[in-house]
Amino acid sequence: MTRGTPTIAHPSATVVLLRGGRRRCEALLVHRNARLDFHGGAWVFPGGRIDPGDFGEGGDPGDVLRAARRAAVREVREETGATLSPEGLVLLSRWITPEPLPKRFDTWFFAAAADGAQVHVDGSEIDAFCWLPPAEALQQQKNGQLTLPPPTYVTLLHLAEYRNAQDALADLARRHPETFRPRVRATARGTCTLYEGDVAYEGGDLDRPGPRHRLWMSPSGWSYEHKR
């Protein structure tokens, strides 16, 4: 990589497994071993890179979304033991790691029903798991009990709107998936991550009046703004 050339964002996929009855929605979070160099010690949704084999024999190398579905199913099986079908995945969003970072991913986020899956982890790359209502996971992050990467945090915020897993999956299937291309700004108030649609996304004053789509990450806590 030459100076000024961004690191390639590796195609990857992740799955938000949801379960719960009429008045409860829980998401599966898995803990990445603290020794890992990318989000080591963080709680995330299961997932990983798209492998060449995920495109299938004779598959179109340009059909990344289909390969992402296969990769998502494979990674969930490898990391949790749960079995899913590519057709049962609901596309949520796409997250692309900011360019200045040395390790980058272009990740497709899916959601799926857990369907009574019995989860078990390998104890190596993934060394623990938990089922939590999104609002509870966010509260634990606020209290310093959980470390959440920004994509996991924002996704949980969206999921906290739903009363149960069935309603969440039905509504998410009707929504247009959003693409997040974060741009990070360091400020005296803390780190501000900007997303497309924010008045300051292309540069300029963060306090300028206009639409907001940003995540503030300060020592006192995180705050997500999405106001048109």
Side-chain angles (χ1 to χ4, degrees), residues 11-33 36 38-39 41-51 54 65-95 105-141 145-175 177-178 180:
S12 59
T14 193
V15 181
V16 184
L17 278 174
L18 299 174
R19 73 177 188 182
R22 274 192 321 172
R23 302 194 177 187
R24 190 167 180 84
C25 179
E26 293 180 325
L28 176 67
L29 292 171
V30 296
H31 185 256
R32 289 178 59 78
N33 192 304
L36 298 174
F38 188 78
H39 289 320
W43 289 86
V44 300
F45 305 118
R49 292 193 189 194
I50 299 174
D51 291 340
D54 295 320
L65 182 54
R66 178 176 292 183
R69 290 181 178 276
R70 291 173 176 161
V73 169
R74 175 179 53 75
E75 287 287 341
V76 167
R77 184 176 64 251
E78 292 174 358
E79 292 188 356
T80 73
T83 301
L84 305 174
S85 69
E87 297 77 17
L89 302 178
V90 175
L91 179 60
L92 295 183
S93 56
R94 181 182 177 190
W95 286 80
F105 294 91
D106 183 349
T107 307
W108 301 88
F109 274 60
F110 300 96
D115 289 333
Q118 297 298 311
V119 175
H120 56 84
V121 297
D122 61 14
S124 178
E125 179 177 338
I126 302 299
D127 55 19
F129 73 92
C130 65
W131 290 96
L132 285 175
E136 185 174 332
L138 293 168
Q139 185 62 47
Q140 290 194 26
Q141 187 268 354
Q145 297 169 268
L146 293 182
T147 298
L148 301 175
T152 309
Y153 178 88
V154 173
T155 302
L156 287 168
L157 274 175
H158 292 158
L159 291 172
E161 302 172 7
Y162 301 102
R163 293 182 61 186
N164 59 64
Q166 184 177 7
D167 288 351
L169 291 167
D171 186 62
L172 293 168
R174 292 190 290 266
R175 291 193 177 190
E178 188 169 8
F180 292 80

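Just so we're clear, the structure is a prediction, and the values are computed from it rather than from any experiment.
The only member of F105, W95, W108 that meets ring-ring contact (aromatic ring centres under 6.0 Å, His included) when paired with F180 is W95. Results of the side chain to side chain contact (heavy atoms under 4.5 Å, CB included) test with L156 over P133, P134, P151 single out P134 as the only residue that passes.
Side-chain contact between V30 and V119: absent, with no pair of heavy atoms (C-beta onward) separated by less than 4.5 Å. Taking the side chain as every heavy atom from C-beta outward, L132 and W43 never approach each other to under 4.5 Å. Within the 4.5 Å cutoff, no side-chain heavy atoms of C25 are placed close to those of L159. Using a 4.5 Å heavy-atom cutoff, the side chains of L18 and Y162 are not in contact.
The two residues A112 and V15 have their closest heavy-atom pair at CB-CG1, 4.1 Å. Annotation for P86 and V73: closest pair N-CG2, 3.6 Å, computed over non-hydrogen atoms. The two atoms that bring I50 and A13 nearest to each other are CG1-N, 4.4 Å, heavy atoms only. Scanning both residues, S12 and T107, for their nearest heavy atoms gives OG-OG1, 2.6 Å.
For residues 41-50, no residue pair satisfies the salt bridge (Lys or Arg N to Asp or Glu O under 4.0 Å) rule, not counting sequence neighbours. Sorted by first then second residue, the salt bridge (Lys or Arg N to Asp or Glu O under 4.0 Å) pairs that include residues 122-139, not counting sequence neighbours, are R32-E125. Applying the salt bridge (Lys or Arg N to Asp or Glu O under 4.0 Å) rule to pairs touching residues 71-84 yields D51-R74, D54-R74, R74-E78, sequence neighbours excluded. Counting only residues at least two apart or on different chains, the salt bridge (Lys or Arg N to Asp or Glu O under 4.0 Å) pairs with a member in residues 160-171 are E161-R175, D171-R174, D171-R175.
With hydrogens and angles ignored, the 3.5 Å screen pairs a side-chain donor or acceptor of H31 with a backbone N or O of G41. Put simply, the side chain of T14 gets close to the backbone of P46: a donor and an acceptor are under 3.5 Å apart.
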- What's the verdict on side-chain contact (heavy atoms from CB on, under 4.5 Å) for L17 and L84, showing C-alpha distance, side-chain angles and the deciding distance? CA-CA 10 Å; L17 278 174; L84 305 174; 3.9 Å; yes
- Verdict with supporting geometry, V76 and F45, side-chain contact (heavy atoms from CB on, under 4.5 Å): CA-CA 9 Å; V76 167; F45 305 118; over 6 Å; no
- Can you list the steps and then say if T80 with F129 is a side-chain contact (heavy atoms from CB on, under 4.5 Å)? CA-CA 9 Å; T80 73; F129 73 92; over 6 Å; no
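E178 CD: more than 12 foreign heavy atoms inside a 6.0 Å radius. Within 6.0 Å of atom CD in Q118, 12 or fewer heavy atoms from other residues, nucleotides or ligands are found, so the atom counts as exposed in its surroundings.
Contacts of R19 classified as side-chain contact (heavy atoms from CB on, under 4.5 Å), with partners at least two apart in sequence or in another chain: E26, A114, W131. Every residue meeting the side-chain contact (heavy atoms from CB on, under 4.5 Å) condition with T147, not counting sequence neighbours, appears here in chain and number order: A42.
Here the straight-line distance linking atom CD1 of I126 with atom NE2 of H120 works out to 13.5 Å at 0.5 Å rounding. Taken from OG1 in T152 to NE2 in H39, the straight-line distance is 7.0 Å, to the nearest 0.5 Å.
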